[in-house]
Amino acid sequence: MALVLKALYNGYDRYFYEAQDPRNADQFLMNPPWVPFALIGGYLYLVLNLGPKLMSNRKPFDLKLLMQVYNILQVLANIYLFSEGMRVIYNVKISFKCQPVDYSNHPLARRELRLVYLYYLLKVTDLLDTVFFVLRKKQSHVTFLHVYHHSGILLGSFIYNRFFPGGHFSMLGLCNTLVHAVMYFYFFLTVYRPELTKNANWKKYITLLQMVQFGYLVFHFATPIVLGIDCGIPKFWLWVPLIQNVFMMVLFWDFYTKAYGRRKVK
């Protein structure tokens, strides 16, 4: 048993520390490696257990102004990351078949590293979405899809920021920031001008945009696997986002059919 535990510890130490990109080892929330697991664990406990209990005998908080500011800041942050990401892609010779990660200290590589890290921090702030639901006593909005999506993308952004900051995985962040800029602007309208979003037919197109994103990312990560291209990225870490995006497509399609399909039939 002692030998097994020692082997597990050595494997953990070798992979989570030795395999880490040393360029971002000292960044906030990057070490120790259990930080994202603690964040996700605390998030789940707060929004699924502690928060509902604390709010059970309280009136919902009025967070209208706070949510307006939060959503606008999210829109601006996502637009910034998307535009900066597009500049990096424009200046780098991109291979859509399989783009290797540039671990050098070239200015463009450092710029990409910074954007990947900021994206990770943005996924941490995304957790406030659910906290606002709980404080406003909108617990019905705290669905499996919502909680799973926030938890999964936070963990994924941490893993790829730690080991593969950039390269073929950059397209995921690029697509996601574009979609989230649209999504958070919609959230802003739901608070600032709710009459524009209540029962609006165009809301379904935001969900369709998200599904298009997942569909493209499935194709994006399947390409190097199907073509058998080796660009320095282990195939396992290409399979993970591929399967994840297939799963998200299924979940979002289920949400879409329940939210809009029946309404159309009526």
Side-chain angles (χ1 to χ4, degrees), residues 28-29 32-75 77-78 119-159 176 179-200 203-204 206-207 209-211 213-214 244-245 247-263:
F28 178 61
L29 296 182
W34 49 258
V35 165
F37 298 97
L39 286 172
I40 293 171
Y43 163 72
L44 295 175
Y45 177 67
L46 176 62
V47 302
L48 298 177
N49 188 293
L50 180 62
K53 287 181 179 178
L54 293 176
M55 293 301 299
S56 60
N57 297 317
R58 289 182 169 86
K59 292 182 179 180
F61 286 92
D62 182 5
L63 304 177
K64 187 175 181 179
L65 179 59
L66 176 61
M67 290 178 63
Q68 289 180 46
V69 174
Y70 169 78
N71 287 320
I72 285 297
L73 289 177
Q74 285 279 23
V75 170
N78 279 282
Y119 177 78
Y120 165 57
L121 295 184
L122 195 60
K123 297 304 103 181
V124 176
T125 63
D126 281 355
L127 301 181
L128 290 174
D129 279 345
T130 326
V131 176
F132 292 152
F133 284 149
V134 174
L135 294 178
R136 296 167 62 218
K137 301 193 76 168
K138 301 283 186 180
Q139 199 64 29
S140 62
H141 291 25
V142 186
T143 62
F144 170 78
L145 173 58
H146 178 89
V147 173
Y148 174 81
H149 179 58
H150 279 306
S151 302
I153 201 166
L154 171 59
L155 181 59
S157 63
F158 169 80
I159 290 173
N176 190 251
V179 171
H180 274 68
V182 175
M183 188 181 72
Y184 277 108
F185 183 69
Y186 163 74
F187 290 160
F188 169 76
L189 289 179
T190 62
V191 181
Y192 181 65
R193 295 286 299 277
E195 69 276 8
L196 296 177
T197 59
K198 188 176 182 180
N199 298 321
K203 288 194 298 183
K204 64 182 179 182
I206 297 177
T207 306
L209 178 63
Q210 290 172 306
M211 288 193 290
Q213 169 198 209
F214 298 133
Q244 165 70 3
N245 279 282
F247 186 48
M248 292 305 297
M249 280 187 67
V250 172
L251 290 178
F252 270 77
W253 175 251
D254 180 65
F255 167 79
Y256 181 86
T257 54
K258 290 178 179 177
Y260 304 111
R262 293 177 183 177
R263 183 181 303 176

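Computed from a predicted structure; not experimentally measured.
- Interatomic distance, F252 CZ to T257 OG1, rounded to the nearest 0.5 Å: 12.5 Å.
- The salt bridge (Lys or Arg N to Asp or Glu O under 4.0 Å) search around R58 returns none, not counting sequence neighbours.
- Scanning both residues, V147 and Y43, for their nearest heavy atoms gives CA-OH, 3.9 Å.
- The backbone N or O of Y45 lies less than 3.5 Å from no partner atom in the side chain of N49, so there is not a single donor-acceptor pair.
- Contact of the L66 side chain with the F61 side chain is not registered, since no non-hydrogen atoms from C-beta on lie closer than 4.5 Å.
- Closest heavy-atom contact between P36 and P33: CD-O, 3.3 Å.
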Test F158 against V124 for side-chain contact (heavy atoms from CB on, under 4.5 Å), laying out the working first.
CA-CA 10 Å; F158 169 80; V124 176; over 6 Å; no
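- With sequence neighbours excluded, the residues forming a side chain to side chain contact (heavy atoms under 4.5 Å, CB included) with A181 are N78, I79, listed by chain and number.
- In this structure, CD on Q244 lies 7.5 Å from CZ on F247, to the nearest 0.5 angstrom.
- For the residue pair F188 and Q68, the shortest heavy atom distance occurs at CD1-O, 3.7 Å.
- Under the ring pair (Phe, Tyr, Trp, His ring centres under 6.0 Å) criterion, H141 pairs with F133, not counting sequence neighbours.
- Heavy atoms from other residues, nucleotides or ligands lying under 6.0 Å from CZ of F132 number more than 12.
- In this structure, the salt bridge (Lys or Arg N to Asp or Glu O under 4.0 Å) partners of D126, at least two apart in sequence or on a different chain, are K123.
- Residues satisfying the side-chain hydrogen bond (donor to acceptor under 3.5 Å, both in side chains) test with T125, not counting sequence neighbours, are Q74.
- Listed for the Y148 side chain is no donor-acceptor partner under 3.5 Å among the backbone atoms of L251.
- In the displayed structure, F28 atom CZ is contacted under 6.0 Å by at most 12 heavy atoms of other residues, nucleotides or ligands.
- Between V131 and L135 there is a side-chain heavy-atom pair separated by less than 4.5 Å.
- Between the Q139 side chain and the V47 main chain, a donor and an acceptor come within less than 3.5 Å of each other.
- Closest heavy-atom contact between S151 and I40: O-CD1, 3.4 Å.
- Partners of F255 by side chain to side chain contact (heavy atoms under 4.5 Å, CB included), not counting sequence neighbours, listed by chain and number: L145, T207, A259, Y260.
- The shortest heavy-atom contact between P60 and M55 is CA-CE, 4.1 Å.
- With values rounded to the nearest 0.5 angstrom, M249 atom CE is found 13.0 Å from Y256 atom OH.
- A distance of 6.0 Å separates CE in M67 from OG1 in T190, rounded to the nearest 0.5 Å.
- Of the inter-residue distances, the one linking F214 atom CZ with Q210 atom CD reads 6.0 Å to the nearest 0.5 angstrom.
- Under the side chain to side chain contact (heavy atoms under 4.5 Å, CB included) rule, Y184 has a single partner from D129, I72, L189, which is D129.
- Atom CG in L155 sits 9.0 Å away from atom OH in Y120 (nearest 0.5 Å).
- For Y119 and N176, the side-chain atoms include at least one donor-acceptor pair closer than 3.5 Å.
- Between H150 and H146, the ring planes are perpendicular. Angles over 60° get that label, and only those under 30° would be called parallel.
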